[in-house]
Enquirer: 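Please read through the structure below; I'll follow up with questions.
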Amino acid sequence: MEIWGPIRRFSIIAAAATLSACGGGGDSNSDGGTVTPPTTNVPRCTSVTPLVTTDTGAIRFKTESQYGVGQSSAIIASLGNRDSQDLTFRWQQLEGPNIELVSQNSPVLAMELPAAGSYRFRLQITGANTNVTGDISINADNNTGGLLNIRQDHQAVEGNDVSLRIGQQAGLSAANINWCIAEGPDVSLDISDPFRPLFTAPTVGQDTLTRLRASATINGNTVTDEAYVLTTAAPTISSTYFDTPVARTHAYHPASPYASALTSCVYSNQLKEACTINQLPLIGQVSNTLDVDTILDRVLVSHDWMGDNFEAFLRQMDPNSDFARLLQSVTAVVISYDVRPSFYWVVTGAIYLDPNDLWLTQTQRDTINEAPDYRSDFGSELNFLMPWRYVKNNQYASQGFPITTRATRTLSQINPDLASLLYHELAHANDFFPRSIHATLTGPRLLDDYRRRNANKSLISDQVSRNYPLTSTEMTGLASVSFLGAKATATQKAYQPSDVSTFFSGDIANDFYNYSSTREDAAMLFEEAMMSYRYQIQRDVAVTNLPAVLTADTVIVDWGQRGRIGDDSLANRAALVIDGMLPELDGIGLLTSLPEPIAMTQGQSWRQTLGISPNTTVKGLQGVAASSETLTEPELRFSGDRHRHPQQ
């Protein structure tokens, strides 16, 4: 048995890798080989306007020569020549029209100025034997001509992945965008999409600024903008767990009694061995009051807005306290811009959340790293797909917000995606350490208790697989190819969708991903059952063809069901999971209350099968957009695209 490292080892199917943001912040899967991203050696810019340096006491501020309304802008701060890695930054706005500050804990204050006029900010820097404060003022002018707008200036740890994005505007095309380096070390950019350059933050001996300039010709006029990325030095990686760079994070509640343990135990390149239960116990071992503040004491974030939104979700969108109860079985919640996809990890006892499910404003979204995970195309030689989606009243339960759209969202709009994600990841935590055993954990590490429970086959998922095992050896083999990187056999390559439909429909799994491990089997059962019960949101799953171009119109259903979790053949195994994880509920009673599964029509497209529920009509996307922007339907989703395995 191998404990999977959170950065290195995880997998998804090839189609999901190309259509969904499901990569991670680390390198490729060690078993599957590496796909090298395309890079370009970017030239140096021919002319550079220096930044303006202002010393205010001990703090040195670097400001742009000019600030414009609506333009992504930055102020960069340092404490003399001291590196920032051991310092804490806290910005606040003192004067000027209100700005949404989403990087107030960074040496780089990134912002978008809403109106012309004067602005003043205060920065407090604290650290060992350090507590200094300084103020800086800037002035914003109305832009007189068209400019590019690169989002978003930020700080990155050396070796971490970096992404930037040029805002869309009339007359701008990928063909006429050019990039150059205005300041800092040479970097190689992946500009396969010139609107979204990607690069790896260079290795540095001290904090080092990289200025990248983009230019383009629009209607005969040359327009430019610059982006600022401060690469910060970091200690040599000594962790065998987090063995690739991770973002700088901090406790959401700085005064939390676990603030120090959070930073050292759950997301650190210096973590050499798992922390003990005494250092960082499960939340439920300390308090079972379901108090939100107690939970927030265990939240670690790269940006405060992530904790703000998570807090709002728990306070406003958890009326039955499901998530508060399920969170009793974790040590921490990590939300960082470089987590992708979400996962649970038994070594730390924490869940790691992709903030793409949490952003509410366009400025918050700008802080999330878009760098994809370049990995082998697991399952690319197979001849079928298994798409999924959540629906309610014959409509998508969640809306699509393309990255090119400057949109905002409400808590209600993020609820379907975030709730389903939390039900899944917290199912893993409660499979490993349900509340019923918290009092009997002896440690000294959670990992030790897990190993004892695993050896005795006493996890909830072990009980499910023992009492109600999946029987399709063909689906198990195909899952090894699609999710674990096994090499497809000639027989597997020859399977047609009709073969897979027979294998899957006759068994008692509710999704293809169930076959990737017994742990995922339990989590998938719990996730779908709870979404149907609490929100009346049903899950569609199908076996389809694999067309050359993947769209909701070209993907043709061979077999499919809506609400498969309501099938009587799945009831006992799903009830066992529910009773073990949320004993407040009656598993069998819950499942018998769910709608009967509805069959899809063979030969229809994935889009056509959206409207199969009776007594409802398709009226477009559910809900009303929180902005005036036009929204699109959600991207195609495929089994396994949102999660990493908790362990093998």
Side-chain angles (χ1 to χ4, degrees), residues 4 6-7 9-26 29 310 313 323 326 333-345 350-359 368-370 372-373 375 378-379 385-391 396-401 403 413-429 431 479 482-484 509-517 519-532 535 537-542 550 565 633-647:
W4 285 50
I7 300 299
R9 303 190 177 188
F10 52 95
S11 56
I12 54 173
I13 65 172
T18 58
L19 292 180
S20 304
C22 15
N29 185 290
F310 186 65
F313 179 84
F323 303 120
L326 295 169
V333 179
V334 179
I335 316 172
S336 178
Y337 72 81
D338 61 347
V339 171
R340 187 176 306 113
S342 302
F343 61 100
Y344 165 81
W345 201 31
I351 59 168
Y352 299 76
L353 300 182
D354 182 346
N356 198 48
D357 288 309
L358 275 162
W359 66 266
I368 302 173
N369 190 6
E370 291 187 62
D373 176 47
R375 291 172 294 174
F378 292 167
L385 291 174
M386 291 197 65
W388 68 272
R389 66 191 168 207
Y390 275 116
V391 299
Y396 285 95
S398 58
Q399 299 173 349
F401 293 82
I403 192 64
Q413 286 173 316
I414 70 171
N415 190 39
D417 283 339
L418 183 55
S420 60
L421 176 72
L422 287 173
Y423 278 131
H424 186 102
E425 301 305 340
L426 292 174
H428 289 311
D431 179 18
S482 287
F483 308 121
L484 305 179
N510 62 315
D511 191 82
F512 184 23
Y513 200 45
N514 295 58
Y515 294 92
S516 63
S517 74
R519 315 310 186 204
E520 296 297 350
D521 183 24
M524 291 303 303
L525 291 166
F526 186 75
E527 174 193 333
E528 182 176 349
M530 293 305 297
M531 288 300 291
S532 183
Y535 301 105
I537 291 176
Q538 294 180 278
R539 200 173 196 274
D540 285 357
V541 64
L550 301 180
I565 195 67
E633 69 183 18
E635 63 192 0
L636 284 171
R637 308 305 302 261
F638 299 91
S639 289
D641 63 357
R642 300 186 75 197
H643 316 284
R644 302 184 203 175
H645 291 279
Q647 58 91 45

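Keep in mind that what you see is a predicted model, and the values were worked out from it rather than measured.
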Enquirer: Under 6.0 Å between ring centres, would you say that holds for Tyr513 and Trp388?
Expert: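 Here the rings of Trp388 and Tyr513 have centres that are no less than 6.0 Å from each other.
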Enquirer: Got a sec, which residues hit side-chain contact (heavy atoms from CB on, under 4.5 Å) with Ala542, two or more places apart in sequence or on another chain?
Expert: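 Testing Ala542 for side-chain contact (heavy atoms from CB on, under 4.5 Å), a comparison that skips the adjacent residues, returns Pro387, Thr544, Val557, Met600, Trp606.
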Enquirer: Do Pro416 and Tyr390 have side chains that get closer than 4.5 Å, going by heavy atoms?
Expert: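 SC-SC contact between Pro416 and Tyr390 ruled out.
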Enquirer: Under 30°, 30 to 60°, or over 60°: which ring-plane class applies to Tyr515 and Phe512, parallel, tilted or perpendicular?
Expert: tilted
Enquirer: What distance separates Leu550 CG from Glu635 CD, expressed to the nearest 0.5 Å?
Expert: 12.0 Å
Enquirer: Could you work out, with side-chain contact (heavy atoms from CB on, under 4.5 Å) as the rule, every residue matching Ala523, not counting sequence neighbours?
Expert: His424, Ala427, His428, Glu520
Enquirer: Please enumerate all residues that pass ring pair (Phe, Tyr, Trp, His ring centres under 6.0 Å) together with Phe323, with sequence neighbours excluded.
Expert: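 Partners of Phe323 under the ring pair (Phe, Tyr, Trp, His ring centres under 6.0 Å) test: Phe313, Tyr423.
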Enquirer: To the nearest 0.5 Å, tell me how far Ile351 CD1 sits from Trp345 CH2.
Expert: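 Result: 15.5 Å between the selected atoms.
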Enquirer: For Asp511, check salt bridge (Lys or Arg N to Asp or Glu O under 4.0 Å) against everything at least two apart and list the hits.
Expert: Arg539
Enquirer: So, taking the atom named CD1 in Ile565 and the one named CE in Met524, what distance separates them when rounded to the nearest 0.5 Å?
Expert: 9.0 Å
Enquirer: What pairs with Asp417 under side-chain contact (heavy atoms from CB on, under 4.5 Å), at least two apart in sequence or on another chain?
Expert: Asp357, Ser398, Arg642
Enquirer: Locate the shortest heavy-atom distance separating Pro355 from Val339; write the atom from each residue and the value.
Expert: CD-O, 3.9 Å
Enquirer: Is Leu326 close to Phe526 at the side-chain level, that is, under 4.5 Å between some pair of heavy atoms?
Expert: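 Of all side-chain heavy-atom pairs linking Leu326 with Phe526, at least one is under 4.5 Å.
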Enquirer: Who passes side chain to side chain donor-acceptor pair (under 3.5 Å) against Asn510, sequence neighbours left out?
Expert: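 In terms of side chain to side chain donor-acceptor pair (under 3.5 Å), with neighbours along the sequence ignored, Asn510 is linked to Asn514, Glu528.
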Enquirer: Who pairs with Tyr337 by side chain to side chain donor-acceptor pair (under 3.5 Å), at least two apart in sequence or on another chain?
Expert: none
Enquirer: Atom CD1 in Ile403, atom CD1 in Ile368: separation rounded to 0.5 Å?
Expert: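 CD1 of Ile368 is found 7.5 Å from CD1 of Ile403.
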Enquirer: Taking side chain as C-beta onward, heavy atoms only, is Leu421 less than 4.5 Å from Asp354?
Expert: no
Enquirer: Test of understanding: with side chain to side chain donor-acceptor pair (under 3.5 Å), list the residues that count as partners of Ser342, not counting sequence neighbours.
Expert: none
Enquirer: Minimum heavy-atom separation for Tyr535 and Asn415, please, with both atom names.
Expert: CE2-ND2, 3.2 Å
